[in-house]
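Have a look at the structure below, then the notes.
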Protein chains: 4
Amino acid sequence: MRIINASMNEFAQKGYLNASTNQIVKEAEISKGILFHYFKNKKELFLFLYDFAVDTLKEDYFGRLDTASSDIFERLRQISAYKLEILGRFPEIYNFLMAAHFEESGEVKHDIQKRDNELLQKGYGKVYENIDFSLFKEGIDIKRTIEIITWSVEGFAIREQEKLKHSDNLEQDYQNILAGFDPYLDILKKSFYK
Amino acid sequence: MRIINASMNEFAQKGYLNASTNQIVKEAEISKGILFHYFKNKKELFLFLYDFAVDTLKEDYFGRLDTASSDIFERLRQISAYKLEILGRFPEIYNFLMAAHFEESGEVKHDIQKRDNELLQKGYGKVYENIDFSLFKEGIDIKRTIEIITWSVEGFAIREQEKLKHSDNLEQDYQNILAGFDPYLDILKKSFYK
Amino acid sequence: MRIINASMNEFAQKGYLNASTNQIVKEAEISKGILFHYFKNKKELFLFLYDFAVDTLKEDYFGRLDTASSDIFERLRQISAYKLEILGRFPEIYNFLMAAHFEESGEVKHDIQKRDNELLQKGYGKVYENIDFSLFKEGIDIKRTIEIITWSVEGFAIREQEKLKHSDNLEQDYQNILAGFDPYLDILKKSFYK
Amino acid sequence: MRIINASMNEFAQKGYLNASTNQIVKEAEISKGILFHYFKNKKELFLFLYDFAVDTLKEDYFGRLDTASSDIFERLRQISAYKLEILGRFPEIYNFLMAAHFEESGEVKHDIQKRDNELLQKGYGKVYENIDFSLFKEGIDIKRTIEIITWSVEGFAIREQEKLKHSDNLEQDYQNILAGFDPYLDILKKSFYK
DNA sequence: AATGAATGAGGCTTCATTCAT
DNA sequence: AATGAATGAAGCCTCATTCAT
């Protein structure tokens with residue numbers, strides 16, 4: 001639907017408050033009226049898009065986490081590969097979700113965070129489900145170690161994502177990113193595993 | 001200056017685009033005219049504030065990095081203490097800088113990023129200046145290891161900052177945060193140092 | 001018909017201009033199209049409702065005036081009883097008619113006033129038909145005296161109607177109003193009759 | 001002020017809700033912005049106009065009630081003369097006040113009624129202040145009799161006002177109205193006074 | 001007979017900026 | 001240096017009405 005595409009782009013680019021419904025209807029080539037015929041107001045449109053985006057990605061992402069390896073580094077590698085694939089297949093949706101996640105506007109922050117928390121709990125729950133903790137060194141503080149691993153992965157992801165914004169050959173870059181990820185995982189593995 | 005305080009708060013709370021010059025003049029109890037007499041337009045005001053904030057913090061922050069220990073973990077601990085102290089002494093300035101750093105509005109994003117990059121380069125340069133790399137395990141990839149350490153520190157900082165937003169006893173919380181930081185540094189130290 | 005009920009309420013509450021066809025179709029649970037299929041436009045709907053309301057009340061009201069007493073005070077008492085009864089049996093219709101009568105919107109004012117005038121002439125005609133004027137004091141200006149009586153009755157009616165808006169026990173209040181009416185009629189009777 | 005004139009006319013003609021701020025600025029030949037620079041919103045403009053109108057009339061009306069005769073009919077005659085004079089000197093203000101008094105829009109109804117009640121209490125208080133009730137017939141129910149008188153005066157006033165709307169020679173009509181008022185007062189006087 | 005998608009003008013309000021004083 | 005009146009575009013949203021199905 002033209003509305004969905006246009007508004008996702010607008011929200012992803014400018015955030016909730018600065019996104020302009022005028023701009024959306026112009027980009028979608030629809031009339032002012034029809035936008036508010038389908039969506040009661042800006043907020044409802046935004047939250048609908050969020051739910052729509054989550055639903056679209058849910059299968060492709062969570063569905064595939066099930067069969068992952070019990071080695072946490074192996075699993076993180078798989079997850080990263082999935083994420084990159086999704087980023088490639090639904091770039092607008094992914095970008096919108098990221099923007100929504102970091103949305104600061106009070107009007108929607110609360111609603112998004114509620115949805116986000118459920119999602120993250122479910123998501124992180126799956127990520128760290130059935131992990132074989134016996135592979136870690138004896139005596140190590142596993143809870144904090146996993147936090148460190150998580151922060152490292154996120155840090156890497158954010159840095160690489162930034163680079164992608166100006167990329168012109170996405171497919172190639174995805175491969176490079178994945179390849180560049182391994183050395184970091186190796187360091188972590190050697191340091192934290194037996 | 002009342003203008004500076006009022007506009008910093010406004011920008012920090014609402015971001016660049018949604019900050020209202022009307023609100024600023026109301027809060028600063030000045031006239032519309034004088035604001036645009038001193039600052040040609042909203043953008044110039046914003047960038048002035050950024051430079052002002054950076055200048056204010058520069059001394060307190062960078063000035064003290066010089067004498068820091070050559071043990072990277074010791075140094076990171078000191079830096080974190082400095083940051084928390086600054087956050088306590090200039091909360092508005094700190095908040096404004098953070099908001100400016102994550103500002104997404106196209107109109108100022110470019111200018112801020114340019115300044116940010118210089119700052120970060122200088123900042124990170126100092127953070128990792130004169131570090132004694134011989135303390136690290138033999139054969140470890142030092143560059144990437146330091147990145148992992150950085151991401152971990154940042155991850156911790158972001159998580160704790162989120163908590164601070166709803167705090168009512170800041171001084172006490174600062175101490176708790178610093179105390180809570182050590183276990184993570186310990187894990188990293190044991191894993192990466194000889 | 002659901003359309004009639006819904007639109008009467010809407011017009012009665014908000015007046016002609018602010019009544020919303022959107023609200024009407026929502027309340028009537030019909031589609032936008034069918035409303036404008038039956039009624040060319042808002043104005044036609046409004047005027048139809050008016051005629052419908054008048055037709056509905058005509059019988060119940062005018063029909064019963066015929067057999068009334070020739071004593072004007074007795075007749076006014078009966079009329080008031082009828083009015084109250086109608087107000088109780090068709091409150092929406094009555095309210096709509098009142099609102100329509102005082103409608104100020106230029107678009108329909110003219111049409112309503114034309115209908116209103118005919119109605120009033122016919123109505124007042126009947127009210128004062130076959131009245132026994134010989135009961136009045138000699139020498140009194142009967143035309144003006146009857147005007148005074150009319151204004152008094154209307155003044156009383158308006159005041160009591162205002163009270164009814166916040167009533168929770170209508171049936172009881174109707175009785176009280178009728179009972180409270182008599183002292184006024186007595187005063188008028190004693191003053192104007194022989 | 002052009003704003004005051006233009007908005008009074010607009011509100012008087014169309015009521016609160018249907019009055020258009022666009023129409024006001026067009027008629028006043030000002031910009032959209034300046035209207036909302038002076039008045040925070042439509043409601044505040046409306047209530048300001050109300051207070052302004054009341055203040056303007058207060059002196060001319062209430063100020064002169066003081067020295068009135070203690071004969072209620074004489075006093076009513078004077079009041080009517082004052083009202084007509086005011087209607088002639090400030091027709092827009094008078095019309096606006098009448099419209100505001102009958103305003104039904106929920107948004108302002110409450111505020112207007114609060115102000116109205118104070119005004120009416122003060123107004124009616126003065127009207128019936130120091131009236132010589134000993135002039136009434138013995139045994140008559142004075143409270144209700146005065147209500148009847150009031151309703152009669154109001155009924156007459158409303159009827160005559162309606163006529164004035166289409167008048168082209170106001171001054172002459174005022175005289176005619178006042179002259180036409182006397183016969184009614186005479187009837188009431190003869191009937192209710194000793 | 002009935003639906004609801006579609007339109008675009010108009011609703012109130014806020015905006016950054018200018019300018020005469 | 002300082003005021004605040006003035007502008008008009010743009011903000012979100014609602015409106016009555018039309019039309020293809």
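Just so it is clear, the structure is predicted and the values come from calculations on it, not from any experiment. Quick note on labels: first sequence line is chain A, next is B, and so on, each numbered from 1. These numbers come from the heavy atoms of this one structure, side chains and all, not from hydrogens, waters or symmetry mates.
- Rounding to the nearest 0.5 Å places CD of Glu162(A) at 9.5 Å from CG of Leu164(A).
- In this entry the distance linking CZ of Phe11(C) with P of dA16(F) reads 8 Å, nearest Å.
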| message | If a pair means Watson-Crick or G-U wobble with both distances below 3.5 Å, what does DNA chain F look like in dot-bracket form, with | marking bases paired to a different strand? | response | .||||||||||||||||||||

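- Within the 4.0 Å cut-off from OP1 or OP2 of dG8(F), not a single side-chain nitrogen or oxygen of Lys32(D) is found.
- Rounded to an integer number of Å, the gap from CG of Leu17(A) to P of dC12(F) is 9 Å.
- Glu107(D) has its CD atom 13 Å from the C1' atom of dT13(E), to the nearest Å.
- With rounding to whole Å, Phe39(B) atom CZ is found 14 Å from dA1(F) atom C1'.
- Between the side chain of Lys42(B) and the backbone N or O of Leu17(B), at least one donor-acceptor pair lies under 3.5 Å.
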| Could you go step by step and tell me if Phe90(D) and Met8(D) meet the side-chain contact (heavy atoms from CB on, under 4.5 Å) rule? | CA-CA 11 Å; Phe90(D) 312 103; Met8(D) 266 198 180; over 6 Å; no

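- Place Ala19(C) and Glu29(D) on DNA chain F by their nearest nucleotides, and Glu29(D) ends up nearer the 5' end.
- For the pair Tyr38(D) OH and dC12(E) C1', the interatomic distance rounds to 20 Å; values are reported in whole Å.
- Phosphate proximity of dA6(E) to His37(A): absent, as no side-chain N or O sits under 4.0 Å from OP1 or OP2.
- Comparing Gly33(B) and Ile30(C), the nucleotide of DNA chain E nearest to each residue sits closer to the 5' end for Ile30(C).
- Nearest nucleotide to the side chain of Ile34(A), out of dT7(F), dT7(E), dT14(F): dT7(E).
- Put simply, the side chain of Glu10(A) gets close to the backbone of Ser20(A): a donor and an acceptor are under 3.5 Å apart.
- Atom CD1 in Ile24(C) sits about 13 Å away from atom C1' in dT17(F), given to the nearest Å.
- Per the geometry, CZ belonging to Arg2(D) stands 8 Å off P belonging to dT7(F), to the nearest Å.
- Phosphate contact (OP1/OP2 of dT17(F), side-chain N/O of Thr21(C), threshold under 4.0 Å): absent.
- Close to dG11(F), at under 4.0 Å from its OP1 or OP2, lies a side-chain N or O of Ser20(A).
- Taking atom CG of residue Asn22(D) and atom P of nucleotide dT7(F), one finds them 15 Å apart after rounding to whole Å.
- Distance from the side chain of Ser31(A) is smallest to dT7(E) among dT3(E), dT7(E), dT14(E).
- The pair Lys114(D)-Asp111(D) does not meet the salt-bridge criterion, since no charged nitrogen lies less than 4.0 angstrom from a carboxylate oxygen.
- Between atom CD1 of residue Ile93(A) and atom CG of residue Leu87(A) there is a gap of 11.5 Å, rounded to the nearest 0.5 Å.
- Checking side-chain atoms of Glu103(D) against main-chain N and O of Tyr16(D) turns up a donor-acceptor pair under 3.5 Å.
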